[in-house]
Amino acid sequence: MSDEFIAQTGTFSTPYASRYLQQLCKHFAHKVEAEHTPEQGTAALPPGRADMTATPDILRITVRGRDPQALEQARHIIDSHLVRFAHREGFKTMTWS
């Protein structure tokens, strides 16, 4: 098996980027290794690592995986949690690229 990873980055424009980053990391830390500051975070999700950055108005998350299926699973984990955490903003999905 290759040690190569592929990555995708998602963005979410929100004035609550830091709040969501911290909420995601605290939640993930119950099951996987995760750490954060108000501006940066990481989580060792089962399909691959997630690196998070919060600016005053953007939450940016890069997920890594060994194949497209792993990326899809990681994106789904992030999006499904943000649907719950950011429901007041009508969150549906991050803009992934």
Side-chain angles (χ1 to χ4, degrees):
M1 181 176 244
S2 171
D3 286 338
E4 296 292 317
F5 286 90
I6 53 177
Q8 280 193 317
T9 299
T11 57
F12 174 33
S13 294
T14 174
Y16 306 108
S18 179
R19 176 190 301 172
Y20 296 142
L21 179 151
Q22 293 176 73
Q23 194 171 9
L24 285 166
C25 289
K26 287 176 185 176
H27 179 80
F28 293 148
H30 292 287
K31 294 193 176 190
V32 300
E33 185 178 326
E35 56 186 40
H36 71 280
T37 67
E39 297 84 25
Q40 305 245 340
T42 61
L45 302 177
R49 180 180 163 130
D51 295 307
M52 303 170 230
T53 304
T55 66
D57 58 355
I58 294 178
L59 175 61
R60 183 171 288 110
I61 301 177
T62 299
V63 292
R64 289 172 177 72
R66 295 200 182 272
D67 56 44
Q69 183 180 10
L71 283 183
E72 176 63 31
Q73 291 171 337
R75 286 191 316 258
H76 176 73
I77 290 169
I78 298 296
D79 285 339
S80 66
H81 283 82
L82 284 172
V83 162
R84 287 182 276 156
F85 298 158
H87 65 90
R88 287 182 183 90
E89 292 187 69
F91 178 87
K92 300 289 184 216
T93 184
M94 294 191 88
T95 303
W96 294 99
S97 60

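Predicted model, so just to flag it, every value in this text is computed and none were measured. Count residues from 1 along the sequence.
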Under 3.5 Å, which donor-acceptor pairs do the side chains of residues 25-36 form with other protein atoms, sequence neighbours left out?
residue	atom	partner	partner atom	Å
His27	NE2	His81	NE2	3.1

Rounded to the nearest 0.5 Å, how far apart are OG1 of Thr93 and CG of Leu82?
9.0 Å
Where at least one partner belongs to residues 75-97, residue pairs that pass salt bridge (Lys or Arg N to Asp or Glu O under 4.0 Å), sequence neighbours excluded
Glu72-Arg75
Indicate yes or no: at least one non-hydrogen side-chain atom of Asp51 is less than 4.5 angstrom from one of Arg64.
yes
Can you name the residues that form a side chain to side chain contact (heavy atoms under 4.5 Å, CB included) with Ser18, not counting sequence neighbours?
Gln22, Pro38, Ala54
Thr9: which residues meet the side chain to side chain contact (heavy atoms under 4.5 Å, CB included) condition with it, sequence neighbours left out?
Arg60, Thr62
Minimum heavy-atom distance Leu59-Ala17, with the two atoms named
N-CB, 3.6 Å
When every non-hydrogen atom of Gly65 is compared with those of Leu71, the smallest separation belongs to N-CD2, 3.7 Å
What residues, two or more places apart in sequence or in another chain, satisfy side chain to side chain contact (heavy atoms under 4.5 Å, CB included) together with Ser13?
Ile58
Contacts of Asp57 meeting side chain to side chain contact (heavy atoms under 4.5 Å, CB included) (sequence neighbours excluded), chain-then-number -> Thr55
Minimum side-chain heavy-atom gap Ile78-Trp96 below 4.5 Å:
yes
Quick one: closest heavy-atom pair of Ile6 and Arg66, and the distance?
CG1-C, 4.5 Å
Hey, could you give me the CG/OG1 distance between Leu24 and Thr42, rounded to the nearest 0.5 Å?
12.0 Å
